[in-house]
Amino acid sequence: MLAQSEIDALLSGAINIDQKHGEDSLNLADMLNQPGEAAKPDAGGEKKIQTYNFWSPARFSKDQMRAVELVHEDLSERLTTSLPTFLRTNVRPRLALMEQGRFHDFINDFAEQTLFHLISLAPLPGHMVLTLSHNISYLILEQRLGGKIEGRFTERSLTEIDQSLLRGLVEHMLGDVKSAWSKVASLEPSLEDSTINQHWVQMMMGNERVLLIAIEINIQGVTGTMSFFIPFNTLKPIADVLNPHIWIAGRKEHQMDPVARQVAIQTMMKAVIPIKVILGNADLTLKDLMGLSIGDVIELDQSVENPLVVQVANKKQFYASVGKSRKRMGIQINGVYREHDDTQASYR
């Protein structure tokens with residue numbers, strides 16, 4: 001066993017040796033307390049040393065983070081067009097920050113009364129969490145309620161009406177979220193729930209590794225943030241396509257084989273479609289119907305001079321006249337059926 005003084009002497013000697021070779025000294029305490037920070041390169045600029053936190057390893061690769069960054073840069077551009085029409089004021093969103101970590105480390109930075117929106121990205125598992133900073137939330141509410149944005153707000157609890165209005169804003173943005181992700185995967189985002197209960201959200205997300213994407217929003221000189229928290233397990237099924245090259249090239253849509261298309265058309269041509277010709281209609285009482293006998297004539301509401309209606313697959317399609325072809329009865333197509341045509345005689 002070594003005494004503390006001996007351990008300190010060994011560490012001091014190791015640092016002195018590193019300094020003799022011209023290398024930067026690393027503080028062991030900084031490595032443990034500040035994981036993920038890179039040391040400065042040496043004078044020659046040849047080596048860069050980056051510490052690794054074994055307690056909280058990185059789950060997202062650089063390519064995956066770059067692909068998600070491109071998606072949300074595209075989302076920011078789409079919101080630049082869609083949000084002003086919804087809020088009736090100038091809005092300038094900009095991607096400001098991307099960082100990965102554990103969700104419970106991020107949630108501690110949020111103030112009370114923060115509204116958390118849980119969004120599903122079907123068919124991906126889990127939920128994405130979206131939040132808006134307080135100053136932006138209150139300015140949006142003022143604008144939605146017809147007030148005047150003056151650049152200041154008062155801290156207060158969000159009412160049911162406030163939460164409903166903010167949910168409407170999030171639902172409006174889901175179309176842009178779907179379009180931004182379309183180059184990577186076909187997703188159907190939907191708002192599952194909104195709550196101000198941090199403990200419930202933390203219980204839902206657990207100790208999940210998430211990717212934080214912060215979009216800076218500027219509304220009439222007031223700047224706030226809109227934050228997305230995407231769990232690693234949610235993006236895991238599409239990890240192989242989270243590549244910046246795939247995003248730039250665009251997702252390849254499935255193209256039908258020309259031969260298979262021709263076979264499908266030929267198969268459809270053999271389909272049997274029922275065709276009916278309505279000669280006319282008649283309304284009879286039950287007494288008259290029970291009294292029918294051989295030789296009785298039922299008068300129809302259709303004149304023999306008017307064209308008949310031809311139904312194809314139970315849908316009215318043509319006008320026709322009845323006749324005889326050789327030894328069988330037949331019809332001759334005279335025109336296309338029109339729903340509100342009162343001049344049927346023109347088709348005779």
Side-chain angles (χ1 to χ4, degrees), residues 65-99 106-107 109-111 113-121 127-184 187-196 201 210-230 247:
M65 293 188 66
R66 178 56 181 160
V68 176
E69 181 182 2
L70 290 173
V71 168
H72 286 81
E73 284 179 352
D74 184 34
L75 176 60
S76 300
E77 294 178 1
R78 294 177 184 274
L79 293 177
T80 303
T81 304
S82 65
L83 284 183
T85 59
F86 184 78
L87 298 176
R88 302 185 305 278
T89 186
N90 292 329
V91 181
R92 293 194 301 273
R94 180 183 66 87
L95 182 63
L97 173 68
M98 281 192 63
E99 184 180 354
F106 294 126
I107 200 174
D109 297 332
F110 288 97
Q113 294 298 315
T114 299
L115 186 60
F116 296 89
H117 304 279
L118 299 177
I119 301 173
S120 65
L121 299 173
H127 294 84
M128 174 179 70
V129 178
L130 185 150
T131 63
L132 290 167
S133 60
H134 277 198
N135 57 343
I136 290 298
S137 297
Y138 292 130
L139 290 179
I140 290 174
L141 290 173
E142 285 290 326
Q143 182 68 16
R144 293 286 289 156
L145 293 172
K148 183 179 180 181
I149 297 178
E150 298 178 349
R152 57 179 182 272
F153 65 95
T154 303
E155 289 280 354
R156 59 180 177 83
S157 300
L158 293 174
T159 65
E160 291 286 342
I161 296 177
D162 294 338
Q163 296 181 30
S164 178
L165 291 174
L166 292 175
R167 281 195 296 269
L169 172 68
V170 174
E171 290 174 346
H172 174 78
M173 294 189 298
L174 293 183
D176 293 323
V177 174
K178 177 181 178 180
S179 300
W181 278 96
S182 61
K183 291 185 178 181
V184 177
L187 304 180
E188 292 294 337
S190 62
L191 180 60
E192 296 290 335
D193 194 10
S194 298
T195 181
I196 59 175
V201 175
V210 298
L211 189 61
L212 165 63
I213 304 102
I215 295 179
E216 181 183 274
I217 298 179
N218 185 286
I219 303 178
Q220 296 189 7
V222 179
T223 302
T225 56
M226 176 171 59
S227 303
F228 295 86
F229 299 92
I230 307 179
W247 189 92

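By the salt bridge (Lys or Arg N to Asp or Glu O under 4.0 Å) test, E69 pairs with R66, sequence neighbours left out. A search for side chain to side chain contact (heavy atoms under 4.5 Å, CB included) contacts involving S179 returns R78, not counting sequence neighbours. Annotation: salt bridge (Lys or Arg N to Asp or Glu O under 4.0 Å) contacts of R92 (sequence neighbours excluded): none. For T81, the side-chain hydrogen bond (donor to acceptor under 3.5 Å, both in side chains) criterion is met by no residue, not counting sequence neighbours. With sequence neighbours excluded, the residues satisfying side chain to side chain contact (heavy atoms under 4.5 Å, CB included) with S82 are L79, H172, D176. Take S227 and apply the side-chain hydrogen bond (donor to acceptor under 3.5 Å, both in side chains) test, not counting sequence neighbours, and it matches no residue. Here S120 pairs with H127, S190, E192 under the side chain to side chain contact (heavy atoms under 4.5 Å, CB included) rule; sequence neighbours left out. E77 pairs by the salt bridge (Lys or Arg N to Asp or Glu O under 4.0 Å) definition with nothing, not counting sequence neighbours. Take Q163 and apply the side chain to side chain contact (heavy atoms under 4.5 Å, CB included) test, not counting sequence neighbours, and it matches L115, L158, R167, I196.
Across all their heavy atoms, G224 and I136 have their closest contact at CA-CG1, 3.3 Å. In plain terms, the two heavy atoms of L187 and L121 that are nearest each other are CD2-O, 4.1 Å. Looking at every heavy atom in both residues, I215 comes nearest to S76 through CD1-OG, 3.7 Å.
When side chains are defined from C-beta on, L211 does not count as touching F229, because their heavy atoms never get closer than 4.5 Å. L145 places a side-chain heavy atom less than 4.5 Å from the side chain of L165. When side chains are defined from C-beta on, I213 counts as touching I230, because their heavy atoms get closer than 4.5 Å. The closest side-chain heavy-atom distance from W181 to D74 is not below 4.5 Å. The shortest side-chain heavy-atom distance between H72 and V177 does not fall under the 4.5 Å cut-off. At least one side-chain heavy atom of L83 sits less than 4.5 Å from a side-chain heavy atom of M173. The shortest distance between side-chain heavy atoms of L130 and M226 falls below 4.5 Å. Annotation: side chain of I217 is in contact with side chain of I219 (closest heavy-atom distance under 4.5 Å).
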For the pair V91 and F86, evaluate side-chain contact (heavy atoms from CB on, under 4.5 Å) and give the outcome as yes or no after the intermediate values. CA-CA 10 Å; V91 181; F86 184 78; over 6 Å; no
Could you walk me through whether L132 and L169 satisfy the side-chain contact (heavy atoms from CB on, under 4.5 Å) test, starting with their C-alpha distance in whole Å, then the side-chain angles of each, then the deciding distance to 0.1 Å, before giving a yes or no? CA-CA 11 Å; L132 290 167; L169 172 68; 3.9 Å; yes
Give the intermediate values and the outcome of side-chain contact (heavy atoms from CB on, under 4.5 Å) for residues F106 and V210. CA-CA 9 Å; F106 294 126; V210 298; 3.8 Å; yes
For I119 and V129: C-alpha separation, side-chain torsions, deciding distance, then whether side-chain contact (heavy atoms from CB on, under 4.5 Å) applies. CA-CA 6 Å; I119 301 173; V129 178; over 6 Å; no
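Applying the salt bridge (Lys or Arg N to Asp or Glu O under 4.0 Å) test to residues at least two apart or on different chains, the pairs with a partner in residues 210-225 are R94-E216. Evaluation of the salt bridge (Lys or Arg N to Asp or Glu O under 4.0 Å) test over residues 221-230, restricted to residues two or more places apart or in two chains, returns none. Each salt bridge (Lys or Arg N to Asp or Glu O under 4.0 Å) pair with one or both residues in residues 81-91, not counting sequence neighbours, would appear here, but there are none.
S133 places a side-chain N or O within 3.5 Å of a backbone atom of T225 that can act as its donor or acceptor partner. Of the possible donor and acceptor atoms, none in the side chain of N90 sits under 3.5 Å from a partner among the backbone N and O of P84.
The CG atom of L70 lies 9.5 Å from the CG atom of L95; values are rounded to the nearest 0.5 Å. To the nearest 0.5 Å, atom OG1 of residue T131 and atom CG of residue L166 are 11.5 Å apart.
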